[in-house]
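Below: one structure, written as structure tokens.
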Amino acid sequence: MASESSFNVSAEVESFLCDRLLDSKQPISERFRALFSLRNLRGPGPREALVRATRDSSNLLAHEAAFALGQMQDVEAVLSLEQVLCDLSLHPIVRHEAAEALGAIGLESVIPLLTKTLESDPAPEVRETCELAISRIKEQKNSVKSEEKISSPFHSVDPAAPSSLTTSVDQLRNVLLSEEESMYERYAALFALRNRGGDAAISAIISSLRAKSALLRHEVAYVLGQLQDKEAISALSKVLEDADEHPMVRHEAAEALGSIADGASVDLLKRFALDPEPLVAQSCEVALNMLEFERAGKSFEFLFLQTPLKVND
């Protein structure tokens with residue numbers, strides 16, 4: 001039986017993708033190809049595979065699986081994401097992503113758990129993500145135009161709605177760089193600057209890589225990857241090279257450099273694919289593999305289109 005999917009695929013293809021995602025013997029890049037394909041599908045099969053992947057021994061894969069469930073806004077995944085958030089044996093980057101996914105799905109019923117975690121969790125990046133998720137859910141409820149405000153030109157479900165279009169770049173920069181502003185307002189300024197674009201906005205975003213919050217720095221690196229602006233290469237390279245930086249920030253810097261993909265950043269990714277921190281090394285490996293597909297004119301996603309298995313018409 002075919003899944004309830006954005007793409008009409010056969011049960012055989014769906015099963016292949018789920019098995020490939022969960023096969024720990026496969027290279028991490030192959031498992032990511034399956035993950036990126038599954039996030040375009042719907043139904044119990046893809047959901048269950050992604051939920052199982054949130055418990056994978058690769059923290060990079062596990063956090064990406066939680067992120068995918070949030071981007072899919074799958075209400076049926078909420079209970080599993082709550083369990084991931086509460087499991088202190090899991091890496092904070094995975095638990096942070098579970099909290100962000102709960103915010104992306106947006107059910108008010110999760111606010112008590114997010115509030116409890118905000119007040120007591122030992123990991124600052126998890127606490128800050130809960131703060132963001134609570135604010136996002138409340139903003140969706142209170143704003144008449146919430147859907148319009150949250151919509152992203154980058155086709156992502158963002159952790160905060162961008163600040164008003166009437167706010168100037170200088171005002172947004174001040175909010176983003178202010179350590180006194182709430183995390184939600186800083187994120188809102190970040191996404192507004194991203195959507196605005198231009199040299200001044202890019203400069204402000206790059207400057208915020210010096211923020212005190214590792215959570216904010218990691219989101220800044222992610223946004224710079226979305227923008228694919230070569231002006232960010234030097235700053236992102238310094239982040240990746242800094243062994244004292246939080247692994248979640250270095251991982252996002254690696255992926256962003258892969259998105260920008262000039263010669264120097266590719267050489268850097270090759271070097272740090274051997275980094276002792278698995279989050280960094282695996283991020284570099286995946287980024288390099290994605291580049292190979294891009295340069296060959298092939299899609300990294302939709303793994304089923306590049307297998308002998310057939311897609312239903």
Side-chain angles (χ1 to χ4, degrees), residues 67 70-73 96-97 99-111 114-115 118 124-232 235-236 248-249 252 256 259-260:
F67 176 75
Q71 294 296 296
M72 294 161 72
Q73 297 186 297
H96 130 75
E97 209 62 74
E100 184 174 304
L102 290 169
I105 295 169
L107 295 184
E108 289 182 67
S109 60
V110 305
I111 289 180
L114 291 169
T115 302
L118 169 61
E125 55 269 45
V126 175
R127 296 195 302 271
E128 289 176 340
T129 307
C130 289
E131 176 190 341
L132 276 171
I134 293 167
S135 296
R136 186 186 188 280
I137 293 168
K138 289 181 176 179
E139 167 121 2
Q140 279 189 303
K141 176 185 177 183
N142 296 331
S143 176
V144 175
K145 297 181 179 179
S146 61
E147 290 301 318
E148 179 183 42
K149 291 175 68 177
I150 291 174
S151 178
S152 165
F154 291 84
H155 308 292
S156 55
V157 182
D158 297 324
S163 300
S164 170
L165 291 174
T166 61
T167 309
S168 71
V169 169
D170 285 343
Q171 289 173 313
L172 292 170
R173 180 189 181 102
N174 289 339
V175 172
L176 177 59
L177 298 181
S178 174
E179 297 293 344
E180 306 304 317
E181 293 283 352
S182 72
M183 188 59 62
Y184 189 83
E185 290 303 321
R186 297 178 80 181
Y187 263 60
L190 171 64
F191 293 123
L193 287 165
R194 178 200 66 185
N195 294 353
R196 189 81 56 92
D199 292 344
I202 297 292
S203 174
I205 294 171
I206 291 172
S207 295
S208 63
L209 281 170
R210 298 190 293 270
K212 290 181 181 179
S213 166
L215 183 74
L216 180 58
R217 295 197 303 275
H218 111 288
E219 196 69 25
V220 169
Y222 171 76
V223 163
L224 289 171
Q226 286 184 309
L227 289 167
Q228 298 181 323
D229 193 297
K230 292 186 182 298
E231 291 300 315
L236 289 167
M248 72 188 295
V249 186
E252 288 292 358
S259 296
I260 299 171

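Values in this document were obtained by computation on a predicted structure and should not be read as measured data. FYI, side chains are in, hydrogens and waters are out, and symmetry mates aren't considered; it's all heavy atoms of this structure.
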So does A104 get a backbone contact from the side chain of Q73, meaning a donor-acceptor N/O pair under 3.5 Å?
yes

Does atom CD (E180) have a neighbourhood of more than 12 heavy atoms from anything else shown, all under 6.0 Å?
no

Donor-acceptor pair, distance only, cut-off 3.5 Å: does the side chain of E100 make one with the backbone of A133?
no

Hey, could you give me the CG/CD distance between L236 and E252, rounded to the nearest 0.5 Å?
10.5 Å

Roughly how far, to the nearest 0.5 Å, is the CG atom of L209 from the CG atom of L224?
6.0 Å

Side chains of R173 and S207 only: does a donor on one sit below 3.5 Å from an acceptor on the other?
yes

Starting from the C-alpha separation in whole Å, work towards a yes-or-no answer on side chain to side chain contact (heavy atoms under 4.5 Å, CB included) for F154 and N195.
CA-CA 8 Å; F154 291 84; N195 294 353; 3.9 Å; yes

Which pair of non-hydrogen atoms, one from S156 and one from Y222, has the smallest distance, and what is that distance?
CB-OH, 4.1 Å

Considering all heavy atoms of both residues, which atom of M183 and which atom of L216 are nearest to each other, and what is their separation?
SD-CB, 4.0 Å

When rounded to the nearest 0.5 Å, the distance separating CG of L193 from CG of L172 is 4.5 Å

What one should report as the nearest heavy-atom pair of A235 and I206 is CB-CG2, 3.7 Å

What closest approach, in Å, do S163 and A192 show between heavy atoms, and which atom pair accounts for it?
N-CB, 3.6 Å

If you count every heavy atom of other residues, nucleotides or ligands that lies below 6.0 Å from K138 atom NZ, does the total exceed 12?
no

Check step by step if side-chain hydrogen bond (donor to acceptor under 3.5 Å, both in side chains) holds for S182 and E185.
CA-CA 5 Å; S182 72; E185 290 303 321; 4.8 Å; no

Applying side chain to side chain contact (heavy atoms under 4.5 Å, CB included), run through E125 and H218 and close with a yes or a no.
CA-CA 10 Å; E125 55 269 45; H218 111 288; over 6 Å; no

Can you tell me if R217 uses its side chain to pair, donor with acceptor, with the backbone of K212 under 3.5 Å?
yes

How close do Q228 and S259 get, counting heavy atoms only, and between which atoms?
NE2-O, 3.3 Å

Going from CG on D229 to CD1 on I205, what distance comes out if it is rounded to the nearest 0.5 angstrom?
9.0 Å

Is it true that, when you exclude E231 itself, more than 12 heavy atoms of the residues, nucleotides or ligands shown sit nearer than 6.0 Å to its CD?
no

Presence of salt bridge, D158 and R136, under 4.0 angstrom:
no

Is any side-chain heavy atom of R127 less than 4.5 Å from a side-chain heavy atom of P124?
yes

Any donor-acceptor N/O pair, S208 side chain to A211 backbone, under 3.5 Å
no

Heavy-atom pair with the smallest gap, counting every atom of A188 and A160:
N-CB, 3.9 Å

Do L118 and E128 pass the side chain to side chain contact (heavy atoms under 4.5 Å, CB included) test, and can you show the C-alpha distance, the side-chain angles, and the key distance before you say yes or no?
CA-CA 7 Å; L118 169 61; E128 289 176 340; over 6 Å; no

Distance-only donor-acceptor check, side chains S168 and D170, under 3.5 Å:
no

Say you draw a straight line from OG of S135 to OH of Y187; how long is it, rounded to the nearest 0.5 Å?
12.0 Å

Between CZ on residue R186 and CD on residue E219, distance to nearest 0.5 Å
13.0 Å

Heavy-atom check, side chain of V220 versus side chain of V249, under 4.5 Å:
no

Go through it in stages, so that I can follow the logic: the residues are L215 and T129, the test is side chain to side chain contact (heavy atoms under 4.5 Å, CB included), and I'd like the CA-CA distance, side-chain angles, deciding distance and then a yes or no.
CA-CA 8 Å; L215 183 74; T129 307; 3.4 Å; yes

